[in-house]
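Notes for the one structure printed next.
Start at 1 and go down the list; that is how both ligands and their atoms are numbered. Atoms considered below: every heavy atom in the structure, side chains included; atoms not considered: hydrogens, waters and symmetry mates.
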Amino acid sequence: ERKCILTGDWQNDLGSNMTISAVNGAGQFSGLYLTAVSATEKPILVSPLNGSQHVDNLEQPTFGFTVKWSFSDSTTVFVGQCFTDDHGKETLQTMWLLRDKAKSMDDNWNATTVGTNVFTRIKVQNV
Ligand SMILES: O=C(CCCC[C@@H]1SC[C@@H]2NC(=O)N[C@@H]21)NCCc1cc([N+](=O)[O-])ccc1O
């Protein structure tokens, strides 16, 4: 079957890493996100994430999560789906919205960026 539970370590096409904790019975999870890139001069720090996935049917579930950046006044929401190929390899196909903190309502139009990221599992090297 093509079941997917998001718990574990993931890396995306930008080289960002995320660790998702246990997914509870309601599909809720939390975790940590370390972005490889940012639009600020500030040093990048690990940031918390919270989200949920469908668990009623674990077949290639959809999910969403929010990252509240710890080094910037901005927020990103990711939404996507976990796909499992014939070899059991899982990928997370996502789209995101990055909301910058606009200085004023006049700048509101220019404060949201959209993009895509694909995540694959980081396999723990066999020790
Ligand atoms: O940089 C960040 C936080 C890290 C975002 C990383 C993204 S999240 C989607 C993608 N996937 C992924 O892994 N990493 C990237 N916030 C923008 C800061 C900012 C910039 C400007 N500005 O540049 O004008 C103005 C106001 C602002 O608050």
Item to complete: May I ask which of Ser74, Gly115, Ala36, Ser47 has a heavy atom nearer to atom 2 (C) of ligand 1 than the others do?
Response: Ser74

Discussion item. At less than 4.0 angstrom from any non-hydrogen atom of Asn117, what atoms of ligand 1 do you find?
Written reply: 10 (C), 11 (N), 12 (C), 13 (O)

Worksheet item: For ligand 1, which atoms have a heavy atom of Leu98 less than 4.0 angstrom away?
Response: 16 (N)

Item to complete: If a pair satisfies ring pair (Phe, Tyr, Trp, His ring centres under 6.0 Å) and one of its residues is in residues 26-45, list it, with sequence neighbours excluded.
Response: Tyr33-Trp69, Tyr33-Phe78

Response to the item:
Quick note, salt bridge (Lys or Arg N to Asp or Glu O under 4.0 Å) partners involving residues 77-88, not counting sequence neighbours, are Arg2-Asp86

Worksheet item: Judging by distance only, is a nitrogen or oxygen of Ser16 under 3.5 angstrom from one on ligand 1?
Response: yes

Worksheet item: Which bit of Ser72 gets closer than 4.0 Å to ligand 1, counting heavy atoms only: side chain, backbone, both or neither?
Response: side chain

Discussion item. Given 3.5 Å as the limit, does a donor-acceptor pair link the side chain of Ser70 with the main chain of Val46, or not?
Written reply: yes

Discussion item. Does the protein come close to atom 24 (O) of ligand 1 - that is, does one of its heavy atoms sit below 4.0 Å from that atom?
Written reply: no

Worksheet item: What atoms of ligand 1 come within less than 4.0 Å of a heavy atom belonging to Tyr33?
Response: 11 (N), 12 (C), 13 (O)

Worksheet item: So, is Leu14 polar-close to ligand 1, with some N/O to N/O distance under 3.5 Å?
Response: no

Item to complete: Please identify which atoms of ligand 1 are closer than 4.0 Å to at least one heavy atom of Ser38.
Response: 1 (O)

Worksheet item: Going through the checks in order, is the side chain to side chain contact (heavy atoms under 4.5 Å, CB included) test met by Ile44 and Leu34?
Response: CA-CA 8 Å; Ile44 291 172; Leu34 182 58; 3.9 Å; yes

Worksheet item: Under 6.0 Å from the CD1 atom of Ile5, do we count more than 12 heavy atoms belonging to anything else shown?
Response: no

Item to complete: Verify, without hydrogens or angle tests, whether Gln60 (side chain) and Thr84 (backbone) share a donor-acceptor contact under 3.5 angstrom.
Response: yes

Item to complete: Answer whether the closest heavy-atom distance between the side chains of Thr66 and Asn50 falls below 4.5 Å.
Response: no

Discussion item. Using a plain distance cutoff, I'd like to know if Thr35 has any nitrogen or oxygen under 3.5 Å from a nitrogen or oxygen of ligand 1.
Written reply: yes

